[in-house]
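The structure displayed is predicted, hence computed values, not measured ones.
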Amino acid sequence: MIRFVLFTCMAFTTAFVGMSWAMRGFPASTVSPISALQPTLTTTFGGESAKAYDRKMWEAAHTSQSDKDPKRDVLRLDALQAATAYAMSPCDDTMKANLIAATTAYARAYVKIFDCPNPMMAMFCSEKKRDEANAAFSTPLDIRVSAALAEAFEQKGVVETDFPEELRLTVKQFAGPGLWSEPSPVCLPRMRAAGSGK
């Protein structure tokens with residue numbers, strides 16, 4: 001009997017609370033330990049950072065500005081020249097050797113500034129040095145070099161294993177997606193003819 005009275009009281013209490021909640025429009029309030037997120041981005045479409053980026057791209061396309069480091073400028077111009085020559089003549093062995101040598105020297109200069117013993121573990125290396133290396137290799141002239149290297153490597157023919165193992169990741173950073181692992185289809189007939197002539 002006591003159990004019946006207890007259940008009846010619980011049913012009436014639940015019905016009363018449910019009806020009063022329904023009469024107030026089913027309000028729901030939650031307590032959250034996390035406050036509402038506020039936007040941290042202050043940039044707007046067409047803002048100053050977008051204009052600065054557009055200006056940098058215009059400078060890269062129309063000028064050869066660099067950081068005025070004479071040693072790096074020589075490497076930049078060598079890489080630009082070798083990439084342009086290889087893009088125009090991808091089947092020439094001398095052009096290929098020049099491209100590999102110039103790209104290797106360019107990548108070594110980046111690695112020297114970054115000073116990270118193992119590029120595979122770059123996330124554990126100095127962030128400050130990485131930023132210094134990225135800043136040194138992001139001048140308008142470097143942007144032109146990167147575009148020329150990407151165009152050269154799009155010709156295929158140069159493979160990842162043509163570069164020293166410790167520089168391969170860095171070379172890929174400058175080479176773009178065109179660093180293929182198979183010979184250029186344009187040069188295959190010539191390579192086959194040279195092989196059958198022996």
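- Residues Ala79 and Ala102 approach most closely at CA-CB, 3.8 Å, considering heavy atoms.
- How far OG1 of Thr84 is from CE of Met95: 11.0 Å, rounded to the nearest 0.5 Å.
- Residues Phe114 and Ser126 share a closest heavy-atom pair of CE1-O, 3.7 Å.
- In this structure a side-chain-to-backbone donor-acceptor pair under 3.5 Å is missing from Asp131 to Lys128.
- Atoms CG and CG, on Leu141 and Leu80 in that order, are 6.5 Å from each other to the nearest 0.5 Å.
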Check your understanding: When you look at Asn98 and Asp78, which way does the side chain to side chain contact (heavy atoms under 4.5 Å, CB included) test go after all the steps?
Key -> CA-CA 9 Å; Asn98 290 344; Asp78 284 349; over 6 Å; no
Exercise for review: Begin from the C-alpha positions of Asp115 and Glu132 and carry the test side chain to side chain contact (heavy atoms under 4.5 Å, CB included) through to its verdict.
Suggested key: CA-CA 10 Å; Asp115 193 26; Glu132 285 175 19; over 6 Å; no
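- Under the 3.5 Å distance criterion, the side-chain polar atoms of Ser89 are left unmatched by any main-chain donor or acceptor of Ala85.
- Between atom CD of residue Glu154 and atom CG of residue Leu149 there is a gap of 12.0 Å, rounded to the nearest 0.5 Å.
- In terms of heavy atoms, Ala107 sits closest to Phe174 at CA-CE1, 4.2 Å.
- The two atoms that bring Leu75 and Ala105 nearest to each other are CD2-CB, 3.7 Å, heavy atoms only.
- Closest approach of Asp162 to Gly157, counting heavy atoms only: OD2-O, 4.3 Å.
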Check your understanding: Should Tyr86 and Asp92 be marked as a side chain to side chain contact (heavy atoms under 4.5 Å, CB included) after you check the CA-CA gap, both sets of side-chain angles, and the distance that decides it?
Key -> CA-CA 8 Å; Tyr86 183 80; Asp92 189 308; over 6 Å; no
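- Note: Glu160 CD to Leu169 CG = 7.5 Å, rounded to the nearest 0.5 Å.
- Closest approach of Ala152 and Ala87 over heavy atoms only: CA-CB, 4.2 Å.
- Here OG1 of Thr139 is found 7.5 Å from CG of Asp73. Values are rounded to the nearest 0.5 Å.
- How far CG of Leu99 is from OH of Tyr106: 13.0 Å, rounded to the nearest 0.5 Å.
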Practice item. Could you give me the CA-CA distance, side-chain angles and deciding distance for Met88 and Gln155, then say whether side chain to side chain contact (heavy atoms under 4.5 Å, CB included) is met? Key: CA-CA 9 Å; Met88 290 192 292; Gln155 306 303 314; over 6 Å; no
